[in-house]
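For reference, the structure is listed below as structure tokens.
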Amino acid sequence: MNRILTETYPDAHCELNFGTPFQLLVATVLSAQTTDKRVNLTTPALFAKYPTPEDLAAADPEDVEALLKPTGFFRAKTKSVMGLSAALVERFGGEVPGRLNDLVTLPGVGRKTANVVLGNAFDVPGITVDTHFGRLVRRFAWTDETDPDKVERAIGELFPRKDWTMLSHRLIWHGRRICHARRPACGACPLAALCPAFGEGPTDPETAEALVKPGPFS
DNA sequence: ATCCCGAGGG
DNA sequence: CCCTCTGGAT
């Protein structure tokens, strides 16, 4: 299945826009329970006004809340991004640390966010267990764990370190495009023949026709 | 109504 | 383990 994912999504990548590791960190915190498209509509104004941890730590919280409103959870996210900015200035010399154990000490930063930053700003392999990743690895029966930390460990044992970041991107892309939470587009899925969850539950009607005409080799 | 590249708190 | 934070798209 991994080979097909690799062929289907050879160029899968992080779709958040950023100019610095700090901006990627902030954008990733903002991406919780929001589409990255909406984050990308929000961050330009934020980064224009507050490009560095020093700027954001010294900002007026009400102004930041107003800027972050469209991303949802705007009070909690303001607290997180201003808090992590202050922590970066106080404890890390204003630089984003390149180690997981340091990143997760920042307010609002869990393992998922930390691994996004490691994988996309530091070239350090990281498994990012978000809602898509967890759903897909369970559908694929790669693990039956539901706790994100346990999923991360289980998948980490199945794949070599160097593949962790791209595997994360590919599963997330596949989850967004085909293997949706509610009505997966099984009829359009290149993994259909190999997928243990194929045909389970309702399928996207737009692709259902393909299920009846599976192709030349069935 | 349900989902979106979650994290912190109880 | 649960709950809450929150707005926009479908």
Side-chain angles (χ1 to χ4, degrees), chain A residues 5 9 11-18 21 23-43 45-46 61-62 64-88 100-122 124-140 144-152 155 164-185 201-207:
Chain A
L5 283 170
Y9 309 107
D11 302 316
H13 57 92
C14 178
E15 295 183 280
L16 295 169
N17 297 334
F18 63 97
Q23 292 178 356
L24 173 61
L25 175 59
V26 171
T28 307
V29 169
L30 298 184
S31 74
Q33 297 302 109
T34 314
T35 58
D36 52 344
K37 182 197 264 181
R38 181 139 303 279
V39 174
N40 288 335
L41 290 172
T42 306
T43 47
L46 180 73
E62 288 189 31
V64 178
E65 284 188 1
L67 288 166
L68 299 189
K69 195 157 219 163
T71 69
F73 298 163
F74 64 92
R75 276 184 285 269
K77 287 175 180 176
T78 296
K79 207 169 164 188
S80 293
V81 297
M82 290 190 65
L84 71 85
S85 295
L88 289 177
L100 184 77
N101 289 343
D102 289 331
L103 285 166
V104 296
T105 68
L106 300 169
V109 180
R111 293 184 67 89
K112 183 261 171 181
T113 299
N115 277 320
V116 169
V117 172
L118 289 177
N120 299 284
F122 291 96
V124 174
I127 295 177
T128 57
V129 183
D130 69 346
T131 172
H132 294 301
F133 191 101
R135 181 179 71 251
L136 266 63
V137 294
R138 285 188 291 276
R139 283 183 176 163
F140 295 174
D144 58 2
E145 299 287 356
T146 56
D147 176 69
D149 288 7
K150 292 180 182 172
V151 171
E152 186 185 333
I155 303 305
W164 289 358
T165 301
M166 284 308 292
L167 175 68
S168 298
H169 285 142
R170 285 174 184 136
L171 287 178
I172 289 163
W173 276 42
H174 189 59
R176 289 182 52 182
R177 289 159 177 75
I178 306 282
C179 196
H180 307 136
R182 275 299 155 103
R183 289 154 54 223
T203 299
D204 181 357
E206 280 203 24
T207 66

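Here the structure is a predicted model, which is why all the values come from computation and not from measurement. So you know, we letter chains A, B, ... as the sequences are listed, proteins then strands, and number each from 1.
Residues passing the salt bridge (Lys or Arg N to Asp or Glu O under 4.0 Å) test with Arg111(A) are Glu152(A), sequence neighbours excluded. Asp102(A) meets the salt bridge (Lys or Arg N to Asp or Glu O under 4.0 Å) test with Arg99(A); sequence neighbours excluded. Scored by the side chain to side chain contact (heavy atoms under 4.5 Å, CB included) test, Glu65(A) finds Phe74(A), Arg75(A), Thr78(A) as partners (sequence neighbours excluded).
Within the nucleic acid shown, Lys69(A) comes within 4.0 Å of sugar-phosphate atoms alone, with no base atom in reach, counting heavy atoms only.
Residue pairs meeting the side chain to side chain donor-acceptor pair (under 3.5 Å) criterion with at least one member in residues 129-139 of chain A, sequence neighbours excluded, are His132(A)-Arg135(A).
Between chain A and DNA chain C, the heavy-atom contact criterion of under 4.0 Å yields a 5' to 3' nucleotide range of dC5(C) to dA9(C).
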inquiry  = How would you summarise protein contacts on nucleotides 2-10 of chain B per nucleotide, using B for base, S for sugar-phosphate only and - for none, with heavy-atom distances below 4.0 Å?
reply    = SSBBBSS--
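Between His174(A) and Tyr9(A), the distance separating the two ring centers is shorter than 6.0 angstrom.
To the nearest 0.5 Å, atom OG1 of residue Thr113(A) and atom CG of residue Leu106(A) are 10.5 Å apart. With values rounded to the nearest 0.5 angstrom, Leu30(A) atom CG is found 12.5 Å from Arg38(A) atom CZ. How far CG of Leu41(A) is from OG1 of Thr34(A): 11.5 Å, rounded to the nearest 0.5 Å.
Spacing between dC5(B) and dC3(C) at atom P, rounded to whole Å, works out to 24 Å. Across the C1' atoms, dC4(B) and dT6(C) are found 12 Å apart, a figure rounded to whole Å.
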